[in-house]
Amino acid sequence: MKTTCTLVVMCLSTLMAFAQIRNTNISNRNLSQKVISGVNTQNLQKTNMKELIKMPTTTVDPSKLKVKTYSSWEITPKKLRDKDLYISEFFGEYSPNTLKVVPELKYSGGAYQAWTFLKLKFRAEEGAEYRVKIKLAPGRYFRGHRILAQTNGRNTQKYNVDDARDEVLIVFRGMRNQEVWIGNLFDENSYTAANSLDYIQPLAIQSINIDKIGD
């Protein structure tokens, strides 16, 4: 069962909806709160939605799903740390079955949706190739559904949601102090100024798998 709390009151004795997961003594019950601001993407919150739609989508060769793996990590709502991989920050809704990355409603000359991210850290091998598989809660992810993600500490990229698999595939080269940012869901085919508050949607994650697939 899902529980919630406000952004003002600390509820460390219960599972919470909006939280930052600290990197020390991580368990499912020591969640504390913090809103994540945009990644470097300091400009992301100001990005015009039409500009975001024009941004090219990063494609990943499906053959990357079949390659040999050398080491693997997995994060689920019931396992917030796996070896050196952990969730360092998370703004969203927690339940035993999903980690839901929820956009934040803000007000500045009117209401608007602000991007939020789930942030992972682990000790990657610099230059090695890694694959991320984000398994989503079953749904209807039509053509045009995308997520934002960042793997290099600087640039945010746009990735497709595979409707047949209910998952997102990301491949990147490792770097020192590796971080992986996973952002909200959005449907670039449905955006209009009239529905801008519904354009950025929660991303419901069931599991995140990271595999080293090459040197």
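Between the side chain of Asn184 and the backbone N or O of Thr116 there is at least one donor-acceptor pair closer than 3.5 Å. No donor-acceptor pair under 3.5 Å is formed between the side chain of Lys64 and the backbone N or O of Val171. Of the possible donor and acceptor atoms, none in the side chain of Lys68 sits under 3.5 Å from a partner among the backbone N and O of Gly214. Thr76 places a side-chain N or O within 3.5 Å of a backbone atom of Lys78 that can act as its donor or acceptor partner. Side-chain atoms of Asp82 do not come within 3.5 Å of backbone N or O of Ile75 as any donor-acceptor pair. Here the side chain of Tyr94 pairs a donor or acceptor atom with the backbone of Pro77 at under 3.5 angstrom. With Asp84 contributing its side chain and Arg123 its backbone, the two residues share a donor-acceptor pair below 3.5 Å. The backbone N or O of Lys135 sits nowhere less than 3.5 Å from a side-chain atom of Asp166 that would complete a donor-acceptor pair. Asn160 places no side-chain N or O within donor-acceptor distance of the main-chain N or O of Asp162, the cut-off being under 3.5 Å. Distance alone, capped at 3.5 Å, places no donor-acceptor pair between the Lys121 side chain and the Glu89 backbone.
Within the 4.5 Å cutoff, no side-chain heavy atoms of Val132 are placed close to those of Leu120. Under the 4.5 Å side-chain criterion, counting only non-hydrogen atoms from C-beta, Ile205 is not in contact with Thr98. The shortest side-chain heavy-atom distance between Leu185 and Tyr141 falls under the 4.5 Å cut-off. Residues Arg131 and Thr69 have side chains in contact (heavy-atom distance under 4.5 Å, counting atoms from C-beta outward).
Rounded to the nearest 0.5 Å, atoms CD1 (Ile170) and OG1 (Thr151) are 7.5 Å apart. For the atom pair CD1 (Ile134) and CG (Leu99), the distance works out to 11.5 Å, reported to the nearest 0.5 Å. The NE2 atom of His145 sits 10.5 Å away from the CZ atom of Arg140 when rounded to the nearest 0.5 Å. Residue Arg173 holds its CZ atom at 10.5 Å from CD of Glu125, rounded to the nearest 0.5 Å. One distance of note links CG of Asn97 with OG of Ser207; it measures 12.0 Å at 0.5 Å rounding. Between the NZ atom of Lys66 and the CD1 atom of Ile213 there is a distance of 14.0 Å, given to the nearest 0.5 Å.
At a threshold of 4.5 Å between side-chain heavy atoms, the hydrophobic network of Ile, Leu, Val, Met, Phe, Trp and Tyr places Phe117 and Met55 in one connected group.
A pairwise comparison of heavy atoms in Ala124 and Gly174 identifies CB-CA, 4.1 Å as the closest pair. Contact record, Thr57 with Arg146: OG1-NE, 3.3 Å, taken as the closest heavy-atom pair. Closest approach of Val101 to Gly183, counting heavy atoms only: CG1-C, 4.3 Å.
Within 6.0 Å of CG in Asn177 there are 12 or fewer heavy atoms belonging to other residues, nucleotides or ligands.
Classification of the Tyr130-Phe172 ring pair by plane angle, with boundaries at 30° and 60°, yields parallel.
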- Task: Before giving the answer on side-chain contact (heavy atoms from CB on, under 4.5 Å), spell out for Ile208 and Ile87 the whole-Å C-alpha distance, their side-chain angles and the decisive distance to 0.1 Å.
- Result: CA-CA 11 Å; Ile208 303 168; Ile87 301 173; 5.8 Å; no
- Query: Stepwise, does the side-chain contact (heavy atoms from CB on, under 4.5 Å) test hold for Leu65 with Glu167?
  - Reply: CA-CA 12 Å; Leu65 287 168; Glu167 71 179 22; 3.9 Å; yes
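Checking Ser63 against Asp61 by side-chain atom types alone, a donor-acceptor pair falls below 3.5 Å.
For the ring-ring contact (aromatic ring centres under 6.0 Å, His included) with Trp115, the lone residue among Phe91, Phe186, Trp181 that qualifies is Phe186.
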